Amino acid sequence: MKAVISVTLDEEFVVHDIKVIDGEKGLFIAMPSRKTAAGEYRDIAHPINSETRDRMQEIILREYLKAAQAEEPEEACGE
């Protein structure tokens with residue numbers, strides 16, 4: 001897991017605990033979930049169609065990469 005983020009939609013609704021995960025095929029997001037009595041994980045909040053999920057993932061990963069890049073230490077000047 002690379003990060004846990006919150007997203008505010010239209011300054012009216014917030015979703016906490018969205019995870020940015022580095023998987024075998026690259027970065028992806030996992031929506032907040034909880035474990036059921038049967039031991040399965042179910043999303044608590046999630047997009048209802050793939051277009052919205054793709055758009056959310058694109059925006060979240062773009063912002064994550066920007067923030068991660070800004071946190072990288074600048075290389076020291078060669079001496």
Side-chain angles (χ1 to χ4, degrees):
M1 182 169 48
K2 298 296 230 171
V4 178
I5 61 120
S6 297
V7 173
T8 302
L9 305 170
D10 294 331
E11 298 180 22
E12 296 178 352
F13 188 81
V14 67
V15 179
H16 296 289
D17 298 329
I18 298 173
K19 296 171 187 73
V20 175
I21 299 173
D22 193 3
E24 291 181 16
K25 296 180 182 180
L27 295 174
F28 67 96
I29 62 169
M31 299 305 290
S33 61
R34 67 175 167 199
K35 195 172 187 178
T36 67
E40 299 174 338
Y41 286 91
R42 292 189 53 120
D43 287 348
I44 295 169
H46 59 87
I48 58 171
N49 59 53
S50 60
E51 292 83 14
T52 302
R53 182 178 187 80
D54 291 346
R55 184 167 174 237
M56 283 184 71
Q57 180 162 283
E58 177 185 332
I59 293 166
I60 290 168
L61 294 181
R62 181 178 63 225
E63 293 302 315
Y64 165 76
L65 291 171
K66 268 201 281 188
Q69 193 172 37
E71 289 182 5
E72 288 181 3
E74 293 185 28
E75 291 186 29
C77 296
E79 292 182 21

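Since we're looking at a predicted model, the values are computed, not measured.
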Task: From Lys19 atom NZ to Phe28 atom CZ, the distance as rounded to the nearest 0.5 Å - done: 10.5 Å
Task: Interatomic distance, Ile59 atom CD1 to Gln57 atom CD [nearest 0.5 angstrom] - done: 11.0 Å
Open item on the list: Show, in sequence, the C-alpha distance, side-chain angles and deciding distance for Glu63 and Lys66, and conclude whether the side-chain contact (heavy atoms from CB on, under 4.5 Å) test is met.
Closed with: CA-CA 5 Å; Glu63 293 302 315; Lys66 268 201 281 188; 3.2 Å; yes
- [ ] Please say whether more than 12 non-hydrogen atoms of neighbouring residues, nucleotides or ligands are located less than 6.0 Å from CZ in Arg62.
- [x] yes
TODO: Kindly give the cluster partners of Ile18, where membership spreads through any ILVMFWY side chain lying under 4.5 Å from a current member.
DONE: Ile5, Val7, Leu9, Phe13, Val15, Val20, Leu27, Ile29, Met31, Met56, Ile60, Leu61, Tyr64, Leu65
TODO: May I ask you to check whether over 12 heavy atoms, not counting those of Arg42, lie within 6.0 Å of atom CZ?
DONE: no
TODO: Quick one: pull up NE2 in His16 and OG1 in Thr8 and give me the separation to the nearest 0.5 Å.
DONE: 7.5 Å
- [ ] Measure the spacing between CE of Met1 and CG of Asp22 and express it to the nearest 0.5 Å.
- [x] 12.5 Å
